[in-house]
Amino acid sequence: MSNADAPGDTRQQDFRTLLRSLPVWDTELPHFDPATAPADPLHLFQQWLSEAAAAGSPEPHTMTLATADATGRPSVRTLMLHDADERGWHFATHRTSRKGRELAVRPEAALGFYWPAVGRQVRVQGAVTAAGAEESRADLAKRSTGALAAALVGRQSEVLSSYEELEHASDAAWERARREPDAPVGTWTLYVLEAQEVEFFQGDDRRRHVRLNYRRSPSAESGWTTELLWP
Ligand SMILES: Cc1cc2nc3c(=O)[nH]c(=O)nc-3n(C[C@H](O)[C@H](O)[C@H](O)COP(=O)(O)O)c2cc1C
């Protein structure tokens, strides 16, 4: 009998036992001294992402993107980070998707990164701007044939009537992506999140986690002020 077929109580008990048995940070964590942190959170973010990659954190350039609809109801999903520079954190998606529609009515978002190999988390919050058609097209052109094929399929977040319908659309999209590597995808949009706050969390095995929060502050010389937060 598989766990899925077990009576409800046993299944629930097994699930809870599993949850409690799963290790967190069973590796030596790096030490983070906030006194040595750079004045600009972008530099620390780039450093931490590089260190996460070097430490073997899987897909360190994936992140959670949180948006909200007009009533404030939140939603999250995983996205790829395309860049992080002076303008902000870059990601791309269809502007007609759920998140795209939410960003159109409420152009604010939060990002979450978690890198278990180094016990680090970064949270970013701020205003989101959609880049123009040309920049969005250029961003897609730099990506793989698979990414273009996925974008060409389109209709993201719409209800799908059957998986076969997706297979047909995907076959056609792959064929077109191979034949026409700069095929335009009208709804594909690059977004840039300009950070208002960026928080860096370094896990500690004695649970004395370090949290360093940057807040944008036009009057500060670096443009940012920092504060420590209780974990
Ligand atoms: C690892 C990973 C990376 C993803 N990257 C993207 C991405 O860069 N852009 C995107 O539109 N969807 C991406 N997705 C799919 C999204 O998580 C999500 O399912 C999709 O964008 C629809 O979200 P929405 O209905 O909230 O708009 C990714 C999913 C995973 C698991």
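Whatever order the structure lists ligands and atoms in, that order sets their numbers, starting from 1. We're numbering straight along the sequence, starting at 1.
When all heavy atoms are compared, the tightest approach of Pro60 to Ala52 is CB-CB, 4.2 Å. Summarising the geometry of Leu212 relative to Ala37, their closest heavy-atom pair is CD2-CB, 3.6 Å, with the distance given to 0.1 Å. For the pair His209 and Trp25, the tightest heavy-atom approach, listed with the atom from each and the gap, is CE1-CZ3, 3.3 Å.
Applying the 4.0 Å criterion to heavy atoms of Leu79 picks out, from ligand 1, the atoms 4 (C), 5 (N), 6 (C), 7 (C), 8 (O), 9 (N). Close contacts of ligand 1 with Thr93, meaning ligand atoms under 4.0 Å from a residue heavy atom, involve 10 (C), 11 (O). Of all atoms in ligand 1, numbered sequentially from 1 with element shown, those under 4.0 Å from a heavy atom of Arg98 are 24 (P), 25 (O), 26 (O), 27 (O).
Considering backbone and side-chain atoms alike, Thr62 places every N or O at 3.5 Å or more from each N or O of ligand 1. For ligand 1, the polar-atom distance check against His82 finds no nitrogen or oxygen pair separated by under 3.5 Å. Considering backbone and side-chain N/O atoms, His94 never comes within less than 3.5 Å of an N/O atom of ligand 1.
Separating the NE2 atom in His31 from the CG atom in Asp204 is a distance of 9.0 Å, to the nearest 0.5 Å. Annotation: the span from His61 atom NE2 to Trp115 atom CH2 amounts to 12.0 Å, rounded to 0.5 Å.
By the 30° and 60° cut-offs, the orientation of the rings of Trp188 relative to His94 is perpendicular.
Looking at Arg211, its side chain does come within 3.5 Å of a backbone N or O of Trp230 through a donor-acceptor pair.
The protein atom (non-hydrogen) at minimum distance from atom 20 (C) of ligand 1 is Gln156 NE2, 3.4 Å. The protein atom (non-hydrogen) at minimum distance from atom 24 (P) of ligand 1 is Ser157 OG, 3.5 Å. The nearest protein atom to atom 23 (O) of ligand 1, hydrogens excluded, is given as Lys99 NZ, 3.2 Å; this is a heavy-atom distance. Ranking protein heavy atoms by distance to atom 4 (C) of ligand 1, first place goes to Thr78 O, 3.4 Å. Counting protein heavy atoms only, atom 3 (C) of ligand 1 is closest to Met80 SD, 3.6 Å.
Using a 4.0 angstrom heavy-atom cutoff, Ala92 counts as in contact with ligand 1.
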| message | Does Asp139 form a side-chain hydrogen bond (donor to acceptor under 3.5 Å, both in side chains) with His90? I'd like the steps, not just the answer. | response | CA-CA 10 Å; Asp139 178 79; His90 301 218; over 6 Å; no
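The pair Glu102-Arg106 does not meet the salt-bridge criterion, since no charged nitrogen lies less than 4.0 angstrom from a carboxylate oxygen.
The closest heavy-atom contact to atom 26 (O) of ligand 1, among the options Arg77, Arg95, Glu59, Met63, comes from Arg77.
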